> 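This structure is in structure tokens; I'll ask about it shortly.
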Number of protein chains: 2
Amino acid sequence: MDIMKKTASRASAPHMPPLLAQSAFELFADNGFANVNLDQVAGRAGVTKGSLYWHFKNKKELILAACQHYYRQWHTDVQAVTAPPTDPPERLRRTITFSVDSCIIDQRNRLFTTGIFMLMQEDGDVRASWTRFYGSVREFYVGLVTAAQSAEAVSHRDARRDVDLMLEAMEGLKLRAGFEPHIAKPSERQAIVEGLLGIFQLGTSGRGDSPRRPRTVRGTVPAGKQR
Amino acid sequence: MDIMKKTASRASAPHMPPLLAQSAFELFADNGFANVNLDQVAGRAGVTKGSLYWHFKNKKELILAACQHYYRQWHTDVQAVTAPPTDPPERLRRTITFSVDSCIIDQRNRLFTTGIFMLMQEDGDVRASWTRFYGSVREFYVGLVTAAQSAEAVSHRDARRDVDLMLEAMEGLKLRAGFEPHIAKPSERQAIVEGLLGIFQLGTSGRGDSPRRPRTVRGTVPAGKQR
DNA sequence: TTACGGCCATACTGTACCGTATAGTATGGC
DNA sequence: GCCATACTATACGGTACAGTATGGCCGTAA
């Protein structure tokens with residue numbers, strides 16, 4: 001039969017474990033954790049289950065590795081978005097825009113994180129893993145927000161609380177995008193970004209194009225109230 | 001052997017289907033959809049799988065019935081909260097407080113809805129079912145909010161958008177409560193309610209007790225800006 | 001050349017569980 | 001007294017899949 005199929009590409013593989021983790025992530029994100037078996041994961045990586053079990057103790061460890069893959073990806077993506085040198089408010093806007101697009105458009109992102117939330121309920125390790133990630137995301141956003149706010153000389157609000165509220169809304173958005181696909185329209189996405197930015201009560205900021213809704217009137221807040 | 005075990009309580013049962021649906025909801029909410037088999041559901045209702053399959057075509061129909069049970073429960077609970085005659089802003093506050101408590105404290109609520117979001121990704125019927133429910137919840141809140149806003153004579157904002165943002169934040173809250181349990185503290189819950197109410201830019205409203213954070217300064221919004 | 005250890009494939013075991021087949025029981029109509 | 005209908009119990013087929021047992025290949029070092 002089909003012997004010697006691909007003995008060539010042996011040993012040159014980029015160190016199986018990360019490749020398996022990536023394959024696992026892609027399959028999990030496309031089909032959900034419960035609907036993927038280890039034969040498929042191994043197959044996608046070009047090996048079989050025997051070798052998968054050489055690198056990972058069990059399915060749970062593979063899942064955790066897939067999570068790490070996802071976390072790393074997120075950080076590098078956001079790094080790329082915030083890299084270009086701009087002023088802090090614009091960086092905040094870009095990051096939020098990127099995140100909103102990820103939540104709404106990137107179905108893999110949606111399905112994968114939903115699955116994690118499900119697993120979290122019944123596995124402490126997954127929960128701990130996600131908790132660390134969420135913490136890093138929050139700190140990242142807090143940094144962005146405080147920078148943006150101090151740039152406007154209004155830092156009277158609790159940035160951490162605001163960031164939490166925004167992140168909650170983003171997670172909810174992810175879920176809602178699953179059953180109300182019409183929010184994927186560009187105009188809707190734009191409005192949603194404005195809504196989230198509104199949480200921080202920053203001025204309309206950045207570009208000159210007029211904001212889409214009158215909501216951002218908030219920017220003008222009575223001064224002299226800093227704590 | 002054990003004959004005549006419980007012939008007494010036969011036939012007096014409250015018409016199996018709803019009882020099975022409730023049993024299914026409880027088990028699903030406690031253990032997740034994937035970790036419950038039909039023997040357990042039937043057992044909890046005092047029957048066996050054979051009779052379960054008499055009433056329901058398959059597991060999916062049972063799940064949909066459990067969803068209906070959940071929806072009904074939510075509506076009656078909220079009805080109970082908003083029933084006592086108070087002014088609209090206070091009714092809004094009470095409803096949000098109730099919802100936040102449900103999201104954070106009621107673990108069954110959390111696990112069940114998370115499971116639904118997972119199933120939604122792969123089943124159109126579940127998705128349609130949830131979409132209907134979400135629509136009814138949104139309309140309910142829009143009614144509350146417009147009533148509350150017109151009571152304060154400021155209706156310049158898009159209530160539907162605000163409600164969507166708030167509901168998204170609530171769903172996110174539900175998820176976050178799963179891995180950051182410290183937000184179950186009463187003071188935190190109170191702050192979260194204030195944050196959500198802040199979305200609607202209403203005054204601090206209702207009772208005389210001072211709000212917990214300076215955030216609600218928002219209430220004083222420059223007048224004369226209605227569209 | 002041999003020996004060995006890292007890596008992988010194949011074949012298999014064990015288990016969980018959905019769905020079904022079928023036998024049995026209560027109840028009401030005729 | 002007979003039968004139909006509604007409902008319940010038990011047992012099992014089929015399947016999907018996690019995890020294991022075992023042996024082969026290949027590079028490296030003695």
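So that the names make sense, note that chain A is the first sequence line, chain B the second, and so on, each numbered from 1. Bear in mind that the values here come from a model prediction, so they are computed numbers and not experimental data.
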> From the list D:dA9, C:dG19, D:dA18, which nucleotide is the closest neighbour of the side chain of A:Lys59?
D:dA18
> Can you run down the ring pair (Phe, Tyr, Trp, His ring centres under 6.0 Å) pairs that involve residues 100-119 of chain B, sequence neighbours left out, and say none if there aren't any?
B:Phe25-B:Phe112, B:Phe33-B:Phe112, B:Tyr70-B:Phe112, B:Phe117-B:Trp130
> Sequence neighbours left out, what passes side chain to side chain donor-acceptor pair (under 3.5 Å) with A:Arg132? Give chain and number order.
none
> Starting from C1' on C:dG19, measure out to CD on B:Glu61 and report it in whole angstrom.
14 Å
> Can you check the A:Asp39 CG to C:dA11 P distance for me, whole Å?
13 Å
> Without decimals, in angstroms, what is the distance between B:Phe56 CZ and D:dC7 P?
12 Å
> Rounded to the Å, how far apart are B:Leu52 CG and D:dT10 P?
15 Å
> Return each pair, listed once, that meets side-chain hydrogen bond (donor to acceptor under 3.5 Å, both in side chains) where at least one residue sits in residues 25-36 of chain B; pairs must be two or more places apart or across chains.
A:Glu122-B:Asn35, B:Gln22-B:Glu26, B:Glu26-B:Arg44, B:Asp30-B:Arg108
> By salt bridge (Lys or Arg N to Asp or Glu O under 4.0 Å), which residues pair with A:Glu180, not counting sequence neighbours?
A:Arg176, B:Arg138
> Nearest whole Å is fine: how far is D:dT8 C1' from B:Leu19 CG?
15 Å
> In whole Å, what is the span from the CD atom of A:Gln40 to the P atom of D:dC17?
7 Å
> Stem ranges for DNA chain C, with three or more consecutive Watson-Crick or G-U pairs under 3.5 Å?
C:1-29 with D:2-30
> Could you run down the sub-3.5 Å N/O contacts of the protein with nucleotides 20-24 of chain C?
none

> Strictly below 4.0 Å, heavy-atom distances to any atom of DNA chain D: list the hits from residues 20-38 of chain B, or just say none.
none
> Any side-chain N or O of A:Trp54 below 4.0 angstrom from OP1/OP2 of C:dC8?
no
> Check salt bridge (Lys or Arg N to Asp or Glu O under 4.0 Å) between A:Arg94 and all other residues, then give those that pass, not counting sequence neighbours.
A:Glu90
> Pairs in or reaching into residues 46-67 of chain A: which pass side-chain hydrogen bond (donor to acceptor under 3.5 Å, both in side chains), with residues at least two apart or in two chains?
A:Lys60-A:Asp123, A:Lys60-A:Asp125
> Got a sec, which residues hit salt bridge (Lys or Arg N to Asp or Glu O under 4.0 Å) with A:Arg72, two or more places apart in sequence or on another chain?
none
> Considering residues at least two apart in sequence or located in another chain, which fulfil the side chain to side chain donor-acceptor pair (under 3.5 Å) criterion with B:Arg189?
B:Asp101
> Is any side-chain nitrogen or oxygen of B:His55 closer than 4.0 Å to OP1 or OP2 of D:dT8?
yes
> Quick one: do A:Glu139 and A:Arg160 make a salt bridge, cutoff under 4.0 Å?
yes
> Extract all donor-acceptor atom pairs below 3.5 Å that involve side chains of residues 77-86 of chain A and protein atoms in other chains or at least two apart in sequence.
residue: A:Asp77; atom: OD1; partner: A:Gln73; partner atom: NE2; Å: 3.4
residue: A:Thr82; atom: OG1; partner: A:Val78; partner atom: O; Å: 3.0
residue: A:Thr82; atom: OG1; partner: A:Gln79; partner atom: O; Å: 3.4

> In whole angstroms, how far is the P atom of D:dC17 from the CG atom of A:Leu62?
15 Å
> Salt bridge check: are B:Arg110 and B:Glu171 linked by an N-O gap of less than 4.0 Å?
no
